[in-house]
Structures are given as structure tokens and as C-alpha cells.
Protein chains: 2
Amino acid sequence: MNISDVAERTGLPVKTVRYYEEIGLITPARAANGYRHFSDTDLHSLAFIGRARSLGFGVEACRSLLRLYDDPARASADVRRLAQTHLEEIDRKIAELEQMRATLSHLVAACAGNDRPDCPILADLAAMSPSARG
Amino acid sequence: MNISDVAERTGLPVKTVRYYEEIGLITPARAANGYRHFSDTDLHSLAFIGRARSLGFGVEACRSLLRLYDDPARASADVRRLAQTHLEEIDRKIAELEQMRATLSHLVAACAGNDRPDCPILADLAAMSPSARG
DNA sequence: ATAAAGGCTCCGGTTACTGGAAGGTCAAGA
DNA sequence: TCTTGACCTTCCAGTAACCGGAGCCTTTAT
């Protein structure tokens, strides 16, 4: 299979597939003309990576997961630990975004949104903290 | 005030303050020796930016907000629109993370996390979609 | 024969900084 | 006066995970 075939079948952009090769996640064979030739294993790895990426794993975590997948002697505890760590990171991000959302939605609701200059949003941003006020 | 003073008072790293000058968010004066000299206005702008950044606004949005803040003839509707757009972006991100979280926590819960190789997490990642199975 | 489609590499840009190197400046103490 | 150490400066490189495009080669179809 050529690169556009695997791109279509994995849903990954062609550029991304080349990138994954560049960073050593996959190592497709090369045809005589220099074209990449993807095996079913390559295709499978790419699909695996794509799925992991869609769950928010970073590419280095994907590399680890792929290694674990390829290791018949792996311990599921290692996989679980990776996923657990990532899950905690997601929870942190959600909490941060929820915090922003709370403040922001409050401010948006308080803003008249008309042609007058008065604006609680700007007022909030401009309110200096004691330390900055000196 | 020198750069470390404003850094301390705004809570922003020195490097970040220099960066904000580089991209034109602030334009501090320079002393004869080349040192940046920050006015109260600069300090205030930096605090404003820091607060906006903490609400998740991108630096370009910060630039817009700062411009609006400096424009006495602004319409609060413009500010509100900016904040509303950002709020929607936050909601999109939260939804995406919640989706990841749901799948991931399900998988983590299903994984024994012992020294055996069987792992539902890897099984999920390895499950090929029909399009890829082709 | 030619043109479109697909492939290749390499370079630069994205976001918002961060770290570090090399070197000038300033205030305080011996 | 000299030195030490804390500041300050600029410039360069790197981070995450790609994306866009230039310039060039190969294959496929007409």
C-alpha cells in the first residue's frame, strides 16, 4: 500500500503518517522508486496510534503503548499505569477549563453586550491584585 | 521599575514579560543603560494580560481585549462577542476531554493491572475499524 | 506525448513561551 | 579600588504535533 491508501484507511493525514515515520513510530519499507510501502502491520500500528491519539495520549505515550503491545511478556499493570496517569492529566485539564468556564460565563452573563463602553468583563480583567497595586 | 519588579508584582516570569514586549503587547521605555523601564501603565497592562491569559484567552485575543480596554468609544458588545467565542471554545474542549475521560476511565476500570499481559486497554487500541480492516 | 495525480525531501511556520549562552551594568563589601 | 554577585541585555534553540508549500520525480491515463 502507498501512503495515501493508509492515510485513507486510518483517517490520518498523509503528512502525519510521514511524521510518524520520521519520529520512528513506524518504519515502512521503501520501493525501488523511493515510495513508502506499508505492510498490514504498519497499517495496524498507525490505526493503533490514531486511536491512542484520539484518547489524548501524547506521541511518546503512544510509543510506550506500542512497545507494550508488541511485548508478549508485558504486565497489564504497566499499561494501566500509563492510562491512569493520562487520565489524571485529563482530569486536571478539565478542572482548569471548568474553572475558566465558571468565571467567564459569569462575566459574559453580566455584560450587556450593547454599544455602550461599560463592560464587567474588561472591569474584571483590569482589576489589579493587591500585590500588583503595591 | 525594572523587569524583575514587574515580574514579581504581576506574577509573570521575566522571560514572559520580555516576550510580551517582543510581540508588541507592551512597549516599555528604556533607560540609558538599555534596561527596560516599566511605567504603572505597563504594569497594569501586564496584569491585565496575565488575568486574561489565566482565563484561557490567547495572546491575540489579549491584544484585542487590551485595544478595547484602551478605546473609550468601545461597545461592550465587542468585548462580549470575544468572550462568548472563547467560552464556546472552552466548552468544545471540555466536551472533548469528557469524552476521552469516559472512554479512558472505562478502560482503566476494566484493566486488572497485574503482571499478566491481558489488557482491555491495549485490546481497545488495537481494535481496527472496518475502514482500516478493508 | 502530455497532463494529472501522486510521491519524495526539505524548509518554514504554528502557540506561548522556556532555557541557556555570552556579555554588559550596578551596588555593596573588603 | 577591586571584586563578587545579582541584575540586565540580546540571540539562539527547543518544546508538541503537526501543516503548508516549494521544487522535483514517477506513475497512470488519455
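Order of the sequence lines sets the chain letters (A, B, ...), proteins ahead of strands, with each chain counted from 1.
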Below 4.0 Å: OP1/OP2 of [N] and any side-chain N or O of [X]:
X: Asn33(B); N: dC26(C); answer: yes
X: Arg36(B); N: dT10(D); answer: yes
X: Arg18(B); N: dC7(D); answer: no
X: Thr16(A); N: dA17(D); answer: no
X: Arg30(B); N: dT10(D); answer: yes

Spacing of [X] atom [atom1] relative to [N] atom [atom2], expressed in whole Å:
X: Glu21(A); N: dC18(D); atom1: CD; atom2: P; result: 15 Å
X: Glu60(B); N: dT15(C); atom1: CD; atom2: P; result: 8 Å
X: Tyr19(B); N: dA16(C); atom1: OH; atom2: C1'; result: 5 Å
X: Tyr35(B); N: dA27(C); atom1: OH; atom2: C1'; result: 11 Å

Scan the side chains in residues 119-127 of chain B for donor-acceptor partners under 3.5 Å anywhere in the protein, sequence neighbours excluded, and list what turns up.
{"unit_1": "Asp124(B)", "atom_1": "OD1", "unit_2": "Arg51(A)", "atom_2": "NE", "d": "2.8"}
{"unit_1": "Asp124(B)", "atom_1": "OD1", "unit_2": "Arg51(A)", "atom_2": "NH2", "d": "3.0"}
{"unit_1": "Asp124(B)", "atom_1": "OD2", "unit_2": "Arg51(A)", "atom_2": "NH2", "d": "3.3"}

Looking at Lys93(B) and Glu96(B), does any basic side-chain N land under 4.0 Å from a carboxylate oxygen?
->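 No, this pair does not count.
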Does the side chain of Val59(A) come within less than 4.5 Å of Tyr20(A)'s, by heavy atoms?
->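 They are in side-chain contact.
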Residue Ile3(A), side-chain heavy atoms: nucleotide from dG7(C), dT18(C), dA16(C) that is nearest =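 For the Ile3(A) side chain, the nearest candidate turns out to be dG7(C).
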